Structure formats: structure tokens, C-alpha cells
Amino acid sequence: MKKKSRRSRPSRRAKPARAAAPVVPAVPRTAAPAPPPARPGATNAFHNAIPNSPYPLRPVGPLPDDRPRPRANNHHKRETLALILAAGLGKRMQSRWSKLLHSVAGRPVVRHVVEATRGAGVARTVVVVGNQAEEVRRAVGDHDKRIAFAFQKEQLGTGHAVLSAERMLAGHDGDVLILNGDLPALRPETITAFVDYHREHAAPLSLLTTVLADPRGYGRVIRNYGGDVSRIIEDADATADERATQEVNCGIYCVDIRSLFRPLRQATRDNAQGEIYLTDLIEILRKEGRKVAAYRHGEAHEVLGVNDRRELADAGRALYRRKADALMRSGVTLMDPATTYIDMPVTIGRDSVIEPGVMILGDSHLGEDVRVGLGSRIADTTIGDGTEILAYCVLGSSKVGRGCKIGPFSHMRPDSVMDEEAHIGNFVEMKKTRLGRGSKANHLAYLGDAEIGRDANIGAGTITCNYDGVAKHRTVIEDEVFIGSDTQLVAPVRVRRGAFVGAGTTVTKDVPAHALAISRVRQENKDGWARKHGPLAKRDGHNNK
Ligand code: UD1
Ligand code: MG
């Protein structure tokens with residue numbers, strides 16, 4: 001893997017002298033091809049000039065002699081297969097774990113790339129694994145029949161990773177969409193636009209590029225004076241002049257399989273990192289006189305690889321913003337999208353309102369008209385229509401029915417269930433507990449390993465004593481039971497239907513249906529005691545009469 005460190009590189013020197021560069025006549029606009037049709041959300045900066053570039057540029061696209069060839073009848077029928085490179089470790093993450101396993105907006109980095117290919121309708125995907133192969137395989141989701149895995153035994157570079165998949169790709173006749181595995185923000189629409197671009201431009205290889213104000217660390221796209229891509233030079237191998245180039249390679253390529261493996265085998269490890277670079281394929285094809293088309297993408301944040309934690313956070317921000325936009329478009333109110341973190345897999349119904357500072361994570365699904373209060377955190381939880389969650393609640397791996405009220409300051413720990421119209425209030429903690437329909441625990445309670453029926457009332461300060469120091473035990477509270485305040489239920493114990501437990505009771509035995517259980521010491525009143533012995537008596541030196 002890489003030895004380089006993107007941010008620690010000394011800042012590049014001033015722009016190289018341009019004086020020596022021959023003046024290249026601008027290509028007349030009419031010769032430039034029309035940009036591909038706009039797709040929703042896919043901007044492409046086809047006609048962007050690269051600011052400060054020492055390399056003269058013209059609109060990206062095929063050369064005049066590289067016009068789209070007439071489409072063969074079956075041109076569009078040729079299958080595109082995706083090849084995702086996910087065998088690296090990612091040293092710049094400074095992690096025990098492959099960077100592709102790190103989670104961002106609710107999915108491992110590599111999973112986002114797989115989902116993007118799926119969203120773009122790519123029929124088959126091959127993922128190259130190597131480092132922590134089993135974990136990466138699981139992160140990808142190894143049960144999907146459309147996904148296959150290739151194994152790269154030693155991590156000798158991106159070119160080597162592609163070569164490791166040669167056998168898996170045998171028999172494929174069409175284009176191979178090669179994607180670095182570290183592109184979590186890549187959108188399906190961009191993949192589709194890029195694949196269409198490739199099909200229209202007839203070059204054996206197309207690559208996706210973008211322009212960065214600070215291109216350090218990335219492979220630079222070197223163009224000849226005509227503006228065609230001639231090669232990609234890695235940051236570690238680049239001269240100061242080359243480093244000044246701001247157009248970078250994004251690690252997204254579409255290659256006709258016939259122009260992939262044979263030329264790539266010519267790549268050597270003769271470079272600063274001693275690796276077989278996939279990017280060498282461009283120069284190899286160009287030297288064979290083949291064309292390379294470049295699709296310049298305008299939204300850099302979407303196509304930048306995540307190599308370190310800062311870039312992981314950047315990708316997270318982009319994904320959360322995208323999710324927020326999609327939810328708002330679908331009819332969900334986010335009071336402050338900038339402080340709202342909703343993972344990609346989450347779904348939320350219409351007219352729900354999310355207050356500021358909320359996180360809704362993982363496999364969470366909220367119905368319609370749900371309100372989530374300020375500062376709440378909901379993970380892997382399903383919430384029914386019309387439920388209201390007040391401020392500062394924490395809910396994990398639980399299920400909440402319709403029309404429930406929760407909070408403020410409630411905590412639902414894993415495997416808790418609230419049936420419809422149940423309420424829990426401030427400082428109520430549930431764990432592995434079911435609270436039946438219409439039941440209430442409005443203040444200060446711990447309900448663990450409990451089964452609570454319908455229309456029960458759980459008084460303030462109720463505690464299920466579920467743990468005896470060795471094992472956990474269950475408490476059962478049947479329908480319409482009233483538990484008075486400050487009750488302890490020493491499990492295992494059952495309070496049967498309609499029973500009433502007096503405040504302050506320690507319930508150690510089952511309570512029969514409709515009975516009253518009360519275990520307090522009987523109250524005694526001693527007349528005049530306070531006047532004689534109470535603090536006032538002492539302070540005032542009363543004569544105790
Ligand atoms: C690569 C490109 C660079 C481009 C950048 C875009 C090369 C040589 N360089 O650099 O031009 O600007 O991406 O983000 O391709 N991988 C393997 N096996 C390996 C090495 C890497 O599977 O032996 C995988 C990694 O897991 C990762 C991807 O390939 O998903 C890219 O590797 P990375 O180390 O991130 O390449 P960059 O240095 O970012
Ligand atoms: Mg990278």
C-alpha cells in the first residue's frame with residue numbers, strides 16, 4: 001500500500017513557466033461535441049476551463065477525428081460489468097481496519113460504491129478483496145447473487161488488483177466499469193451518465209476527472225497540447241510542473257474489456273511506490289495510438305476518494321446533506337438540515353418533522369406525522385405514524401407503534417417495544433421490555449426484561465429488579481394493572497390482570513388478578529412528637545410541654 005501522505009507533502013512551487021508552451025489555436029466551438037444529455041442532479045462541467053493550468057485546454061470530449069462512431073445495432077446491449085477495487089488497507093486512515101470498512105452515513109465505505117452500481121442498474125459487480133477480505137466481503141453483503149468476489153493475494157497496486165480479477169471476468173464481452181472502492185459519495189446518476197458518455201465516445205477507455213483547487217495526493221491528468229489525455233501521473237512520481245495540474249483522476253474508468261488485460265500486463269512496478277498502477281493503462285493505450293476519453297465532473301466532492309479521516313468526514317457531510325435534501329423533497333420537514341444526521345438506509349414518512357440536532361441511524365424507519373425532538377438519537381428503530389418523541393431521547397434497536405409519546409429524556413434500549421398509544425416520559429429506561437397498548441410509564445422508571453400488558457399504569461419511580469447478580473429474570477405485568485409509585489418488582493414475578501400495587505411496595509410474590517398488593521410497614525402517628533423532639537423543639541429550648 002501507499003507510503004505517501006497526501007497532506008504532508010510540501011506545498012507545490014509556483015506555477016511552471018508558461019512562456020515556452022507553444023500557442024495552440026483554440027478548437028472552434030463547432031468542432032466540440034455536444035455534452036451528454038443532462039441527467040437529474042448530474043452536473044458535468046464539460047466546458048469548464050481549468051484555472052491556472054499550464055496545459056492549454058479545450059472542452060473535454062473526443063477529438064474531431066474521434067467523433068462518435070455510428071452505433072452498432074447491438075451497441076447498447078453490450079453488458080457493462082462493474083469491478084470495484086477493495087483489496088487495499090488504506091494506511092492514511094491510521095486504523096486497524098481497512099478504510100473500506102469504515103462507516104459513513106450508515107454504511108461501510110465500500111457498500112456505498114456497491115449500492116451506487118446497483119442504483120445505476122449495473123447487472124453484475126465483481127469486488128476485488130484482499131486485506132481483511134472476509135470483513136470486506138461481509139460489508140459488501142455476500143448474499144447478493146449479482147455480486148462476485150475476486151481475491152488479490154498481495155496488494156501490489158490498483159493495476160495488479162484489476163489483473164487479479166481477470167479470471168473472474170473471463171467470458172465477459174463488453175465494458176468494464178472500474179471503480180475505486182473508496183468513493184462513498186458517488187451517485188448512481190453519475191455512473192449512468194459516465195457509462196453513456198463512454199458508449200457514445202467509442203474510445204476503448206474513458207476516465208472520469210475533476211478539477212481541484214488543492215490536487216495534492218491525487219493522480220494528475222496530463223493532456224497534450226491538443227487537450228487530449230496522454231497519461232496520468234501519480235502524485236508521488238510527478239514533477240513540480242506536473243503537480244501544478246489541477247485536473248485529477250478520480251479512480252473511475254470505463255474500459256472495453258478487449259483493451260484492458262493485455263495492455264495492462266505491460267505496466268511495470270518502476271515507480272515511486274513500486275506498484276502496478278492501473279493509471280499506466282492510459283499511457284499504454286495512447287502509445288498504441290488508441291483514444292482515451294475524459295469526462296470531467298463538476299461536483300468534486302462526489303468523486304473524491306476517501307483516504308484519511310478528514311476526507312471520511314467530508315464524505316459524511318456530503319452524504320448527510322444529500323439525504324436531507326431527498327427527505328425534504330419527499331415531504332419531511334427538517335428544521336435544520338445542517339445539524340441533522342440521517343443515514344442513507346433510513347426512511348421517513350410524509351409530514352414528519354425532525355427538530356435540530358437529531359441523529360437517525362442505520363436501519364431506522366419512521367412513519368408519517370412523526371415528530372422527533374431536539375437532540376434525540378434513534379438507531380435501528382421503527383416508529384409508527386403520529387408518534388411524538390420529545391427532546392433528548394435515545395432509542396436503539398426498538399419498535400414503537402402508532403400514536404406513542406416518548407420523552408423528554410427517555411431511553412429505549414435494544415429489544416424494547418411500545419405498542420400503539422403507549423407513553424413513556426422523562427427518565428424512563430426500557431430494556432427488552434414490551435409496553436402494551438395505551439400503557440403509561442410517565443416518570444422515572446427502569447423497566448427491564450418486562451412484559452407489560454394493555455392500559456397499565458406504571459407509577460413514578462417503579463423499578464423492575466431483574467438481575468440477581470447472576471442471571472436476568474422476567475417481570476410480567478398483565479392488562480389494566482396499576483403499579484403505585486416507588487414500587488420494586490423483584491423478578492421473576494407476575495402481577496395479574498387488574499391488580500393494584502400500593503405505592504412503595506416491594507413485590508416479591510405473584511399478585512393475583514384484581515388483588516391489592518401492599519408491603520409497606522403500617523403507618524403510626526405519635527401525637528405531639530415533633531413539638532417535643534423535633535428540630536424546632538431543640539432550637540427554641542421549648543419546655544416540652
Ligand atoms: C488512486 C489513483 C489516483 C487517483 C486516486 C483517486 C492509482 C495508481 N492511483 O490513488 O490516480 O487520483 O486513486 O482517488 O490507481 N486497491 C486494491 N489493491 C491494491 C491497491 C489499491 O484493491 O493493491 C484499492 C484500494 O482498496 C482502493 C482503490 O484501490 O479502494 C484505490 O487505492 P488507493 O490507495 O486509495 O489509491 P490512491 O492513492 O488514492
Ligand atoms: Mg484513494
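A quick note: this is a predicted structure, and the numbers were derived from the prediction, not measured. Quick note: numbers below take in every heavy atom, side chains included, and nothing from hydrogens, waters or symmetry partners. For ligands, and for the atoms within them, numbers begin at 1 and follow the listed sequence.
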Student check: side-chain heavy atoms of F261 and L163 closer than 4.5 Å: yes
Should E234 be counted as touching ligand 1, given the test is an N or O pair under 3.5 Å? yes
Under a heavy-atom criterion of less than 4.0 Å, does V248 contact ligand 1? no
To the closest 0.5 Å, what do you measure between CD (Q266) and CG (L285)? 9.0 Å
Taking atom NE2 of H198 and atom CD of E200, what is their separation to the nearest 0.5 Å? 11.0 Å
Salt bridge present between R317 and D314 (N-O < 4.0 angstrom): yes
Rounded to the nearest 0.5 angstrom, the CZ-CZ distance for R310 and R92 is 12.0 Å
Do any of the N/O/S atoms of N180, backbone or side chain, fall under 2.8 Å from the Mg ion (ligand 2)? no
Which is closest to atom 23 (O) of ligand 1 in terms of heavy atoms, G157, G251, G181, A236? G157
Can a non-hydrogen atom of N307 be found less than 4.0 Å from any atom of ligand 1? yes
Pull out every atom of ligand 1 sitting under 4.0 Å from any heavy atom of L85, numbered as shown with elements. 22 (O), 24 (C), 25 (C), 26 (O), 27 (C), 28 (C), 29 (O), 30 (O)
Note: ligand 1 atoms sitting under 4.0 Å from heavy atoms of Y277 are 8 (C)
Interatomic distance, R107 atom CZ to D343 atom CG [nearest 0.5 angstrom]: 9.0 Å
What atoms of ligand 1 come closer than 4.0 angstrom to any heavy atom of T158? 7 (C), 8 (C), 15 (O), 20 (C), 21 (C), 29 (O), 31 (C), 32 (O)
Below 4.0 Å from any atom of ligand 1, is there a heavy atom belonging to K91? no
To the nearest 0.5 Å, atom NZ of K91 lies from atom NZ of K99 at 12.0 Å
Ignoring hydrogens, what is the shortest heavy-atom contact between A123 and E79? Give both atom names and the distance. CB-OE2, 3.6 Å
For L100, atoms of ligand 1 separated by under 4.0 Å from a heavy atom: 26 (O), 30 (O)
To check you understand the geometry: which heavy-atom pair defines the closest contact between S376 and A391, and what is its length? OG-C, 4.0 Å
For D182, the atoms of ligand 1 under 4.0 Å from one of its heavy atoms are 30 (O), 35 (O)
Calculate, to the nearest 0.5 Å, the distance between atoms CG and SG belonging to L83 and C254 respectively. 11.5 Å
For C250, the ligand 1 atoms whose distance to one of its heavy atoms is below 4.0 Å: 6 (C)
Is it the side chain, the backbone, both or neither of K99 that has a heavy atom closer than 4.0 Å to ligand 1? side chain
Which pair of non-hydrogen atoms, one from G373 and one from E355, has the smallest distance, and what is that distance? CA-OE1, 3.4 Å
With atom 25 (C) of ligand 1 as the reference point, say which of G305, G88, A161, P215 has the nearest heavy atom. G88
Kindly give the atom name of the N, O or S atom of D182 closest to the Mg ion (ligand 2). OD2
Counting heavy atoms only, which part of M93 comes closer than 4.0 Å to ligand 1: side chain, backbone, both or neither? neither
The atoms of ligand 1 lying under 4.0 Å from a heavy atom of N249, numbered in the order shown, are 2 (C), 3 (C), 4 (C), 5 (C), 6 (C), 11 (O), 12 (O)
What about G219: any of its N or O atoms under 3.5 Å from an N or O on ligand 1? yes
Any idea which atoms of ligand 1 are less than 4.0 Å away from a heavy-atom of Q152? 17 (C), 18 (N), 19 (C), 22 (O), 23 (O)
Closer than 4.0 angstrom: is that true for some heavy atom of H160 and an atom of ligand 1? no
What are the two closest non-hydrogen atoms of C250 and L183, and how far apart are they? O-CD2, 3.7 Å
